[in-house]
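Reading through the structure tokens given below for one structure.
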Amino acid sequence: MKDDHFLASAPQPLVVIVGPTASGKTALAIELAEQYGGEIICADSRTIYKEMDIGTAKPTPDERARVPHWGLDLVAPNERYTAADFKQYANQKIDEIRRRGHVPFLVGGTGLYVDAVIFDYQFSSKANDKLRAKLNALSIEQLHGYCAKHNIILPENKNNKRYVIRAIEQNNQPTTRKSAPISASIIVGIATERDVLRTRISARTEQLFEDGVVEEATILGEKYGWNSEAMTGNIYPLVHAYLENRLTLAEVKEKYTTVDWRLAKRQLTWLRRNPYIQWYGLTEAKQFLSRHLAIE
RNA sequence: GCUGGGGUAGUGAAGCGGUCAAACACAACAGACUGUAAAUCUGUCCUCUUUCGAGUUCGCAGGUUCGAAUCCUGCCCCCAGUA
């Protein structure tokens with residue numbers, strides 16, 4: 001099916017493990033990496049942040065002691081970090097890991113990050129904060145007008161202000177991607193039944209609170225404010241509401257579970273359109289990858 | 001028991017005689033997404049139908065009216081105040 005094995009001096013394969021949040025991909029990756037001399041690169045747009053440990057369900061110190069992890073704690077929560085940054089970082093790590101004779105594992109739920117690497121996205125221009133600030137003050141209608149006047153092609157999501165602003169920023173510069181994954185990659189998706197995933201997600205919600213998300217969020221909120229980009233996702237806004245007595249603890253847990261569930265669904269929507277993903281249940285995925293890694 | 005308020009689609013909640021299958025929000029479901037992606041945005045969401053459209057709804061049963069979720073009567077529930 002793939003010709004990797006016929007390459008003269010095939011590099012270590014790039015093992016890519018994707019799946020929705022709470023599908024168990026991290027635990028699987030650690031187990032396999034430990035067994036086959038792997039190192040893990042987390043493709044996760046939230047665990048890149050320092051200090052956000054509990055709320056992002058970052059791999060624990062114990063887990064990190066078992067296998068080297070990369071891609072964690074890269075920037076402070078108030079710093080910008082983009083898919084383009086990640087792509088560059090991940091490629092560098094993949095090289096380094098291979099040079100050590102180890103197997104790189106790219107593991108994560110941020111589809112864009114994974115795709116940037118495996119489809120070798122060529123990004124266009126960088127963010128232009130000044131321009132963005134100016135455009136952000138305009139309404140979506142005004143932005144459409146601006147595009148019409150400057151011959152800027154509207155994105156498919158033309159009601160998405162972020163996308164329209166980015167389109168203006170790009171000024172029709174092209175972006176590209178490979179039509180097939182980069183060579184030597186093997187891409188596995190963790191398939192999980194819906195109700196199992198739901199159960200795991202709500203169990204994890206409980207776990208987050210036992211581990212002290214409230215305390216963590218309090219510290220982060222004071223330090224970085226509640227409006228920074230990193231703090232707007234997942235559980236932090238909910239904990240904020242709880243701290244301000246706008247929600248009870250029970251409500252926060254319930255809401256977070258649904259937020260996380262919706263995240264899982266969006267992740268799956270993204271992954272579904274990638275025909276190169278080989279989907280397996282957790283145990284089958286392990287068997288499949290073990291077999292694959294044993295031959296190498 | 002009396003007085004006042006209320007029972008609307010999965011949930012909350014508008015509507016208070018025609019333009020109502022019924023605003024809005026949430027949930028649910030599907031989708032888009034290359035420099036903020038755990039973000040952001042879109043569609044569907046009573047039933048049947050691919051579309052046009054058709055058929056049943058607004059606690060229950062009657063009534064008034066050309067026409068009712070909206071008015072009247074009775075009944076059943078719920079909440080607040082009070083014997």
Side-chain angles (χ1 to χ4, degrees), chain A residues 18-23 42-49 52 54-58 74-90 108-129 131-133 135-136 140 143-144 153-179 194-195 198 201 204-205 208 213 217 224 227-239 247 251 254-274:
Chain A
V18 295
T21 185
S23 59
C42 298
D44 185 315
S45 68
R46 293 292 139 166
T47 56
I48 55 164
Y49 292 117
M52 298 174 65
I54 299 164
T56 62
K58 207 177 271 179
L74 300 178
V75 293
N78 56 359
E79 292 180 85
R80 191 204 308 271
Y81 193 85
T82 69
D85 296 323
F86 179 79
K87 183 204 164 191
Q88 201 205 345
Y89 174 88
T110 303
L112 176 63
Y113 282 18
V114 172
D115 284 2
V117 174
I118 65 179
F119 291 110
D120 190 26
Y121 279 23
Q122 298 303 313
F123 293 88
S124 59
S125 60
K126 280 192 201 171
N128 176 341
D129 288 324
L131 178 67
R132 284 187 182 191
L135 294 174
N136 206 29
I140 192 73
L143 289 170
H144 287 171
I153 301 159
L154 287 174
E156 179 173 334
N157 291 326
K158 63 178 175 9
N159 290 321
N160 193 334
K161 205 168 170 183
R162 288 186 175 188
Y163 288 15
V164 175
I165 290 174
R166 170 97 265 248
I168 294 170
E169 190 173 74
Q170 288 186 111
N171 193 218
N172 297 335
Q173 289 173 74
T175 58
T176 64
R177 58 175 278 163
K178 292 222 158 45
S179 57
R194 291 204 145 211
D195 43 333
R198 269 206 121 109
I201 283 174
R204 201 177 59 178
T205 300
L208 291 186
V213 240
Y224 299 104
N227 296 320
S228 68
E229 188 69 26
M231 292 295 283
T232 58
N234 63 242
I235 197 155
Y236 298 112
L238 293 172
V239 174
L247 291 176
E251 287 169 333
E254 193 191 324
K255 281 185 190 299
Y256 180 61
T257 301
T258 85
V259 164
D260 218 20
W261 172 245
R262 291 166 56 137
L263 164 64
K265 285 196 306 182
R266 257 178 289 129
Q267 291 174 311
L268 286 166
T269 297
W270 179 285
L271 296 171
R272 264 197 284 263
R273 64 182 185 175
N274 181 345

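All of these numbers come straight from a predicted model, not from anything done at the bench.
- Distance check on atom C1': B:A28 versus B:G10 gives 8 Å, rounded to whole Å.
- Of the candidates B:A37, B:G31, B:U36, B:G31 carries the atom nearest the A:R272 side chain, counting heavy atoms from C-beta on.
- Distances shown here put every side-chain N or O of A:R166 at or beyond 4.0 Å from the OP1 or OP2 atom of B:U34.
- For A:K126, the listed nucleotide lying nearest its side chain is B:G35; candidates were B:U36, B:G35, B:A30.
- Partners of A:R266 by salt bridge (charged side-chain N to carboxylate O under 4.0 Å, His left out), not counting sequence neighbours: none found.
- Within the nucleic acid shown, A:F86 has no heavy atom closer than 4.0 Å to any nucleic acid atom.
- Between B:G74 and B:A21, the two P atoms lie 30 Å apart (nearest whole Å).
- Atom CD of A:E254 has 12 or fewer heavy atoms from other residues, nucleotides or ligands within 6.0 Å.
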Polar atom pairs (N or O), protein with nucleotides 41-43 of chain B, under 3.5 Å:
{"residue": "B:C41", "atom": "O4'", "partner": "A:N160", "partner atom": "ND2", "Å": "3.1"}

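- The partner of B:C26 is B:G10, judged by Watson-Crick or G-U wobble contacts that both fall below 3.5 Å.
- Atom P of nucleotide B:C26 and atom CG of A:L238 are separated by 14 Å, given to the nearest angstrom.
- At most 12 non-hydrogen atoms from other residues, nucleotides or ligands lie less than 6.0 angstrom from CG of A:N227.
- Within the structure, a side-chain polar atom (N or O) of A:T269 is placed less than 4.0 Å from OP1 or OP2 of B:G31.
- As rounded to the nearest Å, B:C71 and B:G18 have P atoms that lie 11 Å from one another.
- A straight line from CG of A:N171 to P of B:U34 spans 18 Å, rounded to a whole angstrom.
- Residue side chain A:Y121 meets the stacking definition with respect to B:U34: its ring centre sits within less than 5.5 angstrom of the base's six-membered ring centre, and the planes differ by less than 30 degrees.
- Side-chain proximity of A:R198 to B:U36, B:A28, B:U34: nearest is B:A28.
- Base contact: A:D85 has a heavy atom under 4.0 Å from a base atom.
- Distance check on atom P: B:A30 versus B:C79 gives 38 Å, rounded to whole Å.
- A:F119 comes within 4.0 angstrom of nothing in the nucleic acid, heavy atoms only.
- Within the 4.0 angstrom heavy-atom criterion, only backbone atoms of the sugar-phosphate kind lie near A:A127; the bases stay farther away.
- Across all strands, A:R204 comes closer than 4.0 Å to no nucleic acid atom at all (heavy-atom distances).
- In this structure, A:R177 has no salt bridge (charged side-chain N to carboxylate O under 4.0 Å, His left out) partners at least two apart in sequence or on a different chain.
- Taking atom P in both B:C75 and B:G4, the straight-line distance is 16 Å, to the nearest Å.
- The interatomic distance linking A:Y256 (OH) with B:A27 (P) rounds to 15 Å, in whole Å.
- Residues forming a ring pair (Phe, Tyr, Trp, His ring centres under 6.0 Å) with A:Y256 (at least two apart in sequence, or on another chain): none.
- When heavy atoms are screened at a 4.0 angstrom cut-off, A:Q122 is found touching base atoms of the nucleic acid.
- Remark: B:G17 base-pairs with no nucleotide in the shown strands. Criterion, Watson-Crick or G-U wobble with two distances under 3.5 Å.
- Listed here is the closest heavy atom pair of A:A230 and A:P77: CB-O, 3.2 Å.
- A donor-acceptor pair under 3.5 Å is absent between the side-chain atoms of A:N234 and the main chain of A:D260, judged by distance alone.
- Sorted by first and then second residue, the side-chain hydrogen bond (donor to acceptor under 3.5 Å, both in side chains) pairs involving residues 74-87 of chain A (not counting sequence neighbours) are A:R80-A:D129, A:T82-A:D85, A:K87-A:D120.
- Distances from the side chain of A:R162 to the nucleotides B:U34, B:C29, B:U36 place B:U36 closest.
- Side-chain atoms of A:Y81 stay outside donor-acceptor range of the base of B:A37, with no qualifying N/O pair under 3.5 Å.
- For B:U57 and B:A68, the C1' atoms lie 13 Å apart once the distance is rounded to whole Å.
- Summarising the geometry, the separation between CZ on A:R46 and C1' on B:A39 is reported as 6 Å, rounded to the nearest angstrom.
- With a cut-off of 3.5 Å on both pairing distances, the Watson-Crick or G-U wobble partner of B:C60 is B:G74.
- Nearest-nucleotide mapping onto RNA chain B: of A:S125 and A:K255, the residue sitting toward the 5' end is A:K255.
- At whole-Å resolution of the value, CG in A:L268 and P in B:A30 are 9 Å apart.
- Taking atom P on both B:C48 and B:G6, the two are 35 Å apart, rounded to the nearest angstrom.
- Taking A:R166 as the reference, A:E169 meet the salt bridge (charged side-chain N to carboxylate O under 4.0 Å, His left out) condition, with sequence neighbours excluded.
- Candidate nucleotides B:U34, B:A30, B:A39 were compared by shortest atom distance to the side chain of A:R194, and B:A30 ranks first.
- Nucleotide B:G4: paired with B:C79 (Watson-Crick or G-U wobble, both distances less than 3.5 Å).
- As judged by a 4.0 angstrom heavy-atom cut-off over every strand, A:G55 is placed among the base-contacting residues.
- Here the nucleotide nearest the side chain of A:W261, chosen from B:G35, B:A28, B:U40, is B:A28.
- Separation of the C1' atoms belonging to B:A13 and B:A22 is 12 Å when rounded to the nearest angstrom.
- The separation between A:D44 atom CG and B:A39 atom C1' is 13 Å, rounded to whole Å.
- The number of heavy atoms from other shown groups lying within 6.0 Å of NZ (A:K158) does not exceed 12.
- Nearest nucleotide to the A:A84 side chain, out of B:G35, B:C29, B:U40: B:G35.
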Show, in sequence, the C-alpha distance, side-chain angles and deciding distance for A:F86 and A:L112, and conclude whether the side chain to side chain contact (heavy atoms under 4.5 Å, CB included) test is met.
CA-CA 10 Å; A:F86 179 79; A:L112 176 63; over 6 Å; no

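- With a cut-off of 3.5 Å on both Watson-Crick or G-U wobble distances, the partner of B:A54 is given as B:U47.
- As judged by a 4.0 angstrom heavy-atom cut-off over every strand, A:T175 is placed among the base-contacting residues.
- Minimum atom distance to the side chain of A:W270 is reached by B:A37, of the listed B:A37, B:C29, B:G35.
- Within the 4.0 angstrom heavy-atom criterion, base atoms lie near A:S124.
- Within a 6.0 Å radius of CD in A:Q88, no more than 12 heavy atoms belonging to other residues, nucleotides or ligands are found.
- At a threshold of 4.0 angstrom between heavy atoms, the contacts of A:D115 with the nucleic acid are absent.
- Spacing between atom CZ of A:R262 and atom P of B:A30 amounts to 12 Å, rounded to whole angstrom units.
- Computed from coordinates, the A:L112 CG to B:A37 P distance equals 7 Å when rounded to whole Å.
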